[in-house]
Structure formats: structure tokens, C-alpha cells
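The structure under discussion appears below in the form of C-alpha cells.
Just so we're clear, the structure is a prediction, and the values are computed from it rather than from any experiment. The basis for the numbers below is simple: all heavy atoms, side chains too, and nothing from hydrogens, waters or symmetry mates. Chain letters run A, B, ... following the sequence lines, proteins first, then strands; residues in each count from 1.
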Number of protein chains: 2
Amino acid sequence: MSGLTSRTLRHYDDIGLLCPVRTASNGYRWYGRRELLRLQRILFLRELGVPLGQIGRILDGDRDGVAALRRHRADLVAHRDRLEEIIATVDRTIADLTGQAHLSEEEFFTGLSARRDDLRRDIEARYGAGAGEHFASADAVTGRWTREEHEQAAAQGRRLLRRLSDARSSGTAPDSAAVLDLMTAHYQGVRLLWPADAAAYHALADLVTGNPDQRAMIEEIDPLLPPWLADAIRAYAVRRLGYVPARGGG
Amino acid sequence: MSGLTSRTLRHYDDIGLLCPVRTASNGYRWYGRRELLRLQRILFLRELGVPLGQIGRILDGDRDGVAALRRHRADLVAHRDRLEEIIATVDRTIADLTGQAHLSEEEFFTGLSARRDDLRRDIEARYGAGAGEHFASADAVTGRWTREEHEQAAAQGRRLLRRLSDARSSGTAPDSAAVLDLMTAHYQGVRLLWPADAAAYHALADLVTGNPDQRAMIEEIDPLLPPWLADAIRAYAVRRLGYVPARGGG
DNA sequence: CTGGACCTTCTCGTTACGTCAACTTCTAGC
DNA sequence: GCTAGAAGTTGACGTAACGAGAAGGTCCAG
């Protein structure tokens, strides 16, 4: 009925978590309605990752299961945070081993070198001369950054792209709620350097796949990311910024 | 030297992960420089959560440790994502058990009921009559939301506050990089309803502690959060939006 | 009577060691 | 040379939550 193996039920009997209402002379275990209800609660808590011993104490003592859940939640959060750190370290290690650290370290969102001029020319060619002027306002912001702040911004940008890559590779749609939440950070990252409104941000999607340097930088992190990211940018512009795309693909 | 117990070294010897360069007739294990180097690599990978068996294969085969790391990373990410889901479920359960679901469900960022008018009057009293007019633009946005979108926005807002609460309770400073990253989402959540510039967002910090309804709503999630969140808002306005506070506490 | 499905108990294996217990070896001090 | 203590050794058991398999008993349909 429950999908559990008999072995599991026997284990629960052994540790006293769920005992049969009676055990026949032939050794067969018989369970009643009450045991089924208890089992449901066990399965629910087990789903949440609560250890069996604690489940037993919660169900038996019944004294403040909420407090126990809160403690359990704190454990989960600590565990998740540790995983976040480890993932970041693994990322740095992989970047080190593949020797791609310096490239993205220096010029991510900010792009300080010659590539930046290329990007500006590309933007002006695509969206008109006025668009390129925003680079001045970006410089006004980044010009006051320290080296440390530059690197933090770059690291943050890479972390974001990796999380988006995680979402893509796990089959999440670029217009799903979870991805749009992540894209909030992306939009803000862009806006930090460039006062992009909904239309400008929507147009930026073309750069991600069309501009060779931008595309290469993103492909370094995930070769399949650029078109997916472009979709996510457009979805964010429409769904969260209220952009209304022109008909006919303008 | 390494801080490991002898038991651990013996275990590594047993499973063939790190064998002594020679074992004396009295049974003592002797390690050399090479073993120390190998141990360093073992400890590093162990720190990343790689299982010992896999560490052995990576170090011995030496064939494409990067690919192994990438696979390991995928496991970590999957694990983290599962934890995220579980944490969200635990949160919903706790909210259910404490019966606080409806309250925040209906009026989070959006505030649809009578409280909303109170908030508007409070804002106009604090920042002048013009400030309250932005409610109209917010209504233009939220007015087109479906019930489902309303609830999604509310859920997203609560999730954000919980993550901020996690950061606070783990002793993270409100102006740390990690928190400012989270605050990006907060700023966007506010901006979705209200075209707040750096100064307006900075001023919003007072509402979080000063407006009774806002404060109560946040305290429901974490009683200690409001002042900390106010600090985080101000830090974000200054550090990420370039707001320059007036001297003398204006 | 028989085959097959289903139940039982018992035991080992999984991870990465901690924690005894019982014993030997080395070293410093008298 | 004797001895106390520190440090090493080899087992063996315990951890969480069962899975897998062996060896055997029970039930039911044909």
C-alpha cells in the first residue's frame, strides 16, 4: 500500500518507530488504521530529511513538533550553506585546473580592456550611436571601484552564470519562476553599469548570442548557455519588466 | 603534523588510499615526503566532499580529474537543489502548523486590503504627498496580475525574507557581499511596484522598522529581522546604488 | 500434492572513521 | 636495569537507514 519494502517495515519495527498492532503466532505483522496514519506522518517527516530517531521523538512526545522542525530547518540551512561554499570552491578549482581563471577574473561584467571598445562599437552598430554613450555612465560607477570590488563583481557575475547554467542543464525552462528570480540579479548586474529599461534589456538578448566576445565569455562557463540565456533575458523583460515586444519580430 | 588521527591514517592504509612508504617489523608505519604530498591532495579533495574511493581513483588514475570534479559538482548542485526544496517545504509546514499562512499569503509585497491604505497614508506623512502617488503605478502593474501571480509574488517575497533571516541568524553582516546579493532581489521586488531610486530606497529603511504593519509582517517571519533589514537596505542603497547619505542624519 | 507468492529471521555490506579493549614498543628518569 | 607513561599496534563494535541474499516457514490456487 505505502510502497515501502517489507524490510523497511521490519526495520521500523526493530527500532520501535512503527510497531504492528499485533504479531501473529506465525510471525506475520499486522497493521491497523492507526498504524497507517502514523506511517503517513512518518513518511512526511522522512521526506523532509528528518532522521528516524527524531521522527520517533516528535511523534511520541508530541511536545512541540514545531520547535523540532525549526531546529531541523536550521540544520538544513547550515548544510545548504556549506554546500554553496563547497560548490564555489570546486568552481574555483576547476577554473584553476583548466587555466581559465585570469580571463574571466579581469573582465567580466566590467570589461576593462580592448574588448570593451569592441563591445561599444557593436552596441552602437546595433542600437544606434546614443546607446554607446551609456558606457560613460558605467565608467562613472566602475571608475570608483577598487581592485577588490572589481574582482568581487566579476566573481558574482560568474557565480550567477553558473547558477543559470545549473538551471539550464537540469532542464528548467528559461521562463520559469525560479529562473526569473535569478534573472533579477542579472538585470541588476546590467543596470549597475547601464541604465537599461525594459526595451534595452530585451534587446541585450541579441548581444549574448550575437556579440562574439560576450558569447565566448559565456560559453566558457557553459557552451550551451548563450541561446538559453537570451531566452531568459527576453522572458524577464516581458514577464517582470512589462516589456511588450513589437509584432513581426522587430 | 596533518592533524589527522592515527586511526584515520590506518583506515587510509586499509583501503589503500594512502599507504606508508614502509612498515617496520614492529608494525610502525613510516611516511615520506611523497606520502605527505599525496595526503595534501587527499585532504583537499576530501574538503570538497569527494568520497574517498573517488579520491583514490582520481589520484591514481590521474586521468581527467577535471571531469571527475565536474561530475562531483553536478552531484553537489543536485543535493543543494533538493535541500532548497526541502527547506521550502519545511517552511510551508511550519507556517501551516502555526496558522500564519493566510496572513502573509494575501498581502505581502502587494498588500491588497485596508492595510494598504494605512501604508499609503504613512508614506505620505513621511515623505510628502507625491510619494503616495506611486501607488497608482504599482496598481497598474499588480492590477493585471492573476491570483496565481499574486501568490507567487507573495511566496517569493517570503522566501527572500527567510533567506535574509538565515543570513542574520548565522551572524552575517547586513553589508556583506552575500547579503547585498540577496538585497538585489529585494530592491527589484520593491521596484516592481514602485519606481524607487537610490534615495527613495534608502528612505524605505525607516518604514521597515517604523511602520507597524510592515514591521509586524516581517517580525512574523523573524522577530529580530526588521532593524537588521533596515541596515541592509541602507547598505544596498549606498554600496550598490551609489546613494550618498546627507550629513547630520537627514 | 505441488508450484509460486509471500512472509519470517539472520547476516553482511554500505561511509568514514570514533571508540573502546588488550597488547607491544619506545623513551625518559631514577 | 626497572618502571611509568606516551605512543604505537591489531582487532572488533557502532554509527543511519536500509538493500541484498540465504535459508526456511506459510498460504493459496490448481
Euclidean distance, atom [atom1] of residue [X] to atom [atom2] of [N] [Å, nearest integer]:
X	N	atom1	atom2	answer
A:Asp13	C:dT8	CG	C1'	12 Å
A:Tyr31	C:dC7	OH	P	11 Å
B:Ile42	C:dC17	CD1	C1'	14 Å
A:Ile55	D:dA16	CD1	C1'	12 Å
B:Leu39	C:dA16	CG	C1'	15 Å
A:Arg46	D:dA16	CZ	P	16 Å
B:Leu17	C:dT15	CG	C1'	13 Å
B:Asp14	C:dA16	CG	P	14 Å

Selection from C:dT8, D:dA17, D:dT9 that lies nearest to any side-chain heavy atom of B:Ser6 |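 My answer, after comparing the listed nucleotides, is D:dT9.
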Measure from the side-chain heavy atoms of B:Tyr28 and tell me the nearest of C:dA16, D:dG8, D:dC18.
-> D:dG8
With a cut-off of less than 4.0 Å, is there a side-chain N or O of [X] near OP1 or OP2 of [N]?
X	N	result
B:Thr8	C:dA16	no
A:Tyr12	D:dA17	no
B:Arg29	D:dT9	yes

Heavy-atom closest contact (B:Gly16 atom, B:Cys19 atom, distance) | CA-SG, 4.0 Å
Pick the nucleotide of DNA chain D nearest each of A:Asn26 and A:Thr5; which residue has the one closer to the 5' end?
-> A:Thr5
Closest-nucleotide 5' rank along DNA chain D - winner of A:Ile15 and A:Arg10 |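 So the residue in question is A:Ile15.
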Base C:dT19 paired with B:Arg7 side chain (donor-acceptor, <3.5 Å) | yes
Kindly indicate whether the side chain of A:Thr98, heavy atoms from C-beta on, has any atom under 4.5 Å from the side chain of B:Arg70.
->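 With C-beta onward as the side chain, the pair touches.
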In terms of side-chain heavy atoms, does A:Arg168 have a donor or acceptor partner in A:Thr172 at a distance below 3.5 Å?
->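 No donor-acceptor contact under 3.5 Å links the two side chains.
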Which class fits the ring pair B:His186 and B:Tyr201: parallel under 30°, tilted 30 to 60°, perpendicular over 60°?
-> tilted
Hey, is B:Arg163 close enough to B:Glu84 for a salt bridge, meaning N to O under 4.0 Å?
-> yes
